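Each remark here refers to the structure printed beneath this line.
Because the structure is predicted, anything quoted here is derived from the model rather than measured. FYI, the numbering just counts along the sequence from 1.
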Amino acid sequence: MKAVVLAAGEGTRLRPLTEDKPKGMVEVDGKPILTHCFERLAELDATEFVVVVGYMKEEIISHYGDEFEGIPITYAHQREQKGLAHALLCVEEHIDDDFMLILGDNIFAANLDDVVRRQQEDRADAAFLVEEVPWEEASRYGVCVTNDYGEITDVVEKPEDPPSNLVMTGFYTFTPAIFHACELVQPSNRGELEISEAIHLLLQSGRTIDAIGIEGWRIDVGYPEDRDEAERRLQEA
């Protein structure tokens with residue numbers, strides 16, 4: 001299964017750590033965040049990395065070249081930052097089967113394999129790793145609503161009044177059907193093509209999406225203090 005890695009972001013909230021490098025190249029415990037992502041994906045038997053680059057892309061391309069630990073790397077260029085659904089469309093020509101998707105600013109020590117296994121069962125059209133967060137923090141994320149069977153019935157991006165405290169974590173598996181959904185997405189109030197809206201369209205079309213509860217931890221490295229927390233956890237492990 002191919003693995004798509006979204007790594008085009010500038011990382012303005014991570015400054016000063018991103019003043020001279022893209023977000024994915026910020027080091028955590030002696031390695032760039034992207035290296036941590038690649039290592040997790042390699043453990044999941046990824047056959048190819050398709051990496052979406054944008055801001056200071058040369059830093060990423062020159063560092064990794066065309067392979068990582070024997071796994072080939074293909075680069076797709078997001079020339080404007082128009083949201084995650086837009087970033088995903090940049091890789092459509094490289095994907096022809098089920099694939100993994102990871103946000104390249106997340107560090108995981110969790111059960112990603114459970115998500116991949118669920119996708120391979122052919123029971124669901126997509127599967128997401130999800131976690132419960134404090135209610136007061138849920139509005140920072142894409143919030144999921146699920147039914148009694150653990151299937152996602154709705155996703156709301158950064159809602160003011162969250163319908164649940166179950167949120168997406170930044171690791172997903174999809175079929176290529178997600179690309180058609182992304183093409184139908186209209187810009188949000190933030191002016192971006194939101195992946196949550198593409199997921200909502202998938203659900204409206206009758207697709208089944210399973211929620212897999214996280215076992216372990218993940219850190220979304222959005223601020224310098226997040227980098228410090230991820231480093232602390234990795235060193236403890």
Side-chain angles (χ1 to χ4, degrees), residues 1-6 40-41 43-46 83-89 91-92 95-103 106 108-186 188 192-220:
M1 191 183 291
K2 292 183 179 181
V4 174
V5 184
L6 302 188
R40 297 292 79 73
L41 295 168
E43 292 171 358
L44 299 170
D45 298 323
L84 295 185
H86 179 264
L88 197 49
L89 284 173
V91 308
E92 183 175 8
I95 302 295
D96 55 9
D97 206 344
D98 292 9
F99 66 98
M100 298 177 267
L101 171 66
I102 194 169
L103 304 188
N106 280 239
F108 288 92
N111 53 322
L112 307 185
D113 55 324
D114 288 340
V115 182
V116 175
R117 192 175 302 114
R118 182 61 56 85
Q119 187 74 26
Q120 293 171 334
E121 291 173 356
D122 288 332
R123 198 190 75 79
D125 299 285
F128 305 161
L129 192 69
V130 298
E131 69 175 330
E132 290 187 0
V133 299
W135 279 92
E136 63 271 17
E137 296 179 15
S139 60
R140 296 170 46 192
Y141 302 99
V143 175
C144 303
V145 180
T146 59
N147 61 21
D148 293 339
Y149 302 102
E151 298 169 345
I152 294 174
T153 59
D154 198 9
V155 173
V156 187
E157 185 67 27
K158 298 181 175 62
E160 290 184 10
D161 185 18
S164 85
N165 65 332
L166 192 69
V167 304
M168 297 187 290
T169 65
F171 183 75
Y172 320 75
T173 54
F174 288 108
T175 70
I178 187 63
F179 296 117
H180 180 60
C182 288
E183 289 167 357
L184 298 176
V185 170
Q186 298 298 309
S188 67
E192 296 190 355
L193 303 182
E194 309 283 4
I195 194 169
S196 56
E197 179 59 23
I199 294 164
H200 180 73
L201 292 171
L202 276 185
L203 292 167
Q204 284 191 321
S205 71
R207 308 277 177 167
T208 299
I209 302 177
D210 279 354
I212 308 297
I214 191 169
E215 296 175 10
W217 59 266
R218 69 101 188 200
I219 299 289
D220 175 3

Worksheet item: Under the 3.5 angstrom rule, does the side chain of D125 hit a backbone N or O of I178 as a donor-acceptor pair?
Response: no
Worksheet item: Ignoring hydrogens and geometry, is there a side-chain-to-backbone donor-acceptor pair from D154 to V145 under 3.5 Å?
Response: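 No, D154 side chain to V145 backbone: no donor-acceptor pair under 3.5 Å.
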To check you understand the geometry: which heavy-atom pair defines the closest contact between [X] and [Y], and what is its length?
X	Y	value
C144	M168	SG-CG, 3.4 Å
S164	A138	O-CB, 3.8 Å
A211	I152	CB-CG1, 3.8 Å
F179	V91	CE2-CG2, 3.9 Å
N106	G170	OD1-CA, 4.4 Å
L6	A87	CD2-CB, 4.1 Å

Practice prompt. Test I209 against F128 for side chain to side chain contact (heavy atoms under 4.5 Å, CB included), laying out the working first.
Written response: CA-CA 8 Å; I209 302 177; F128 305 161; 3.7 Å; yes
Item to complete: For the residue pair K158 and E194, establish whether any side-chain heavy-atom pair is separated by less than 4.5 Å.
Response: no
Gap between atom [atom2] of [Y] and atom [atom1] of [X] - 0.5 Å precision:
X	Y	atom1	atom2	value
E197	L184	CD	CG	9.5 Å
Y172	L88	OH	CG	10.0 Å
T175	L202	OG1	CG	7.0 Å
L112	R218	CG	CZ	11.5 Å
I214	E131	CD1	CD	5.0 Å
I195	L193	CD1	CG	11.0 Å

Discussion item. Looking at D161, I want to see if its CG is surrounded by more than 12 non-hydrogen atoms of other residues, nucleotides or ligands under 6.0 Å.
Written reply: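 Open: at most 12 neighbouring heavy atoms sit under 6.0 Å from CG of D161.
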Practice prompt. Return the orientation label for the F174 and F99 ring planes: parallel under 30°, perpendicular over 60°, tilted otherwise.
Written response: tilted
Worksheet item: side chain to side chain contact (heavy atoms under 4.5 Å, CB included) between Y141 and T169: does it pass, once the steps are laid out?
Response: CA-CA 8 Å; Y141 302 99; T169 65; over 6 Å; no
Discussion item. Assess the residue pair T173 and R118 against the criterion (side chain to side chain contact (heavy atoms under 4.5 Å, CB included)); give the C-alpha distance rounded to whole Å, side-chain angles, the decisive distance to 0.1 Å, and a yes or no.
Written reply: CA-CA 9 Å; T173 54; R118 182 61 56 85; over 6 Å; no
Discussion item. Checking D97 against K2 for the side chain to side chain contact (heavy atoms under 4.5 Å, CB included) test, could you report, in this order, the C-alpha distance in whole Å, the side-chain angles of both residues, the deciding distance, and whether it holds?
Written reply: CA-CA 8 Å; D97 206 344; K2 292 183 179 181; over 6 Å; no
Worksheet item: Looking at S188, S196, S139, which hits side-chain hydrogen bond (donor to acceptor under 3.5 Å, both in side chains) with E157?
Response: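 Exactly one pass, corresponding to S196.
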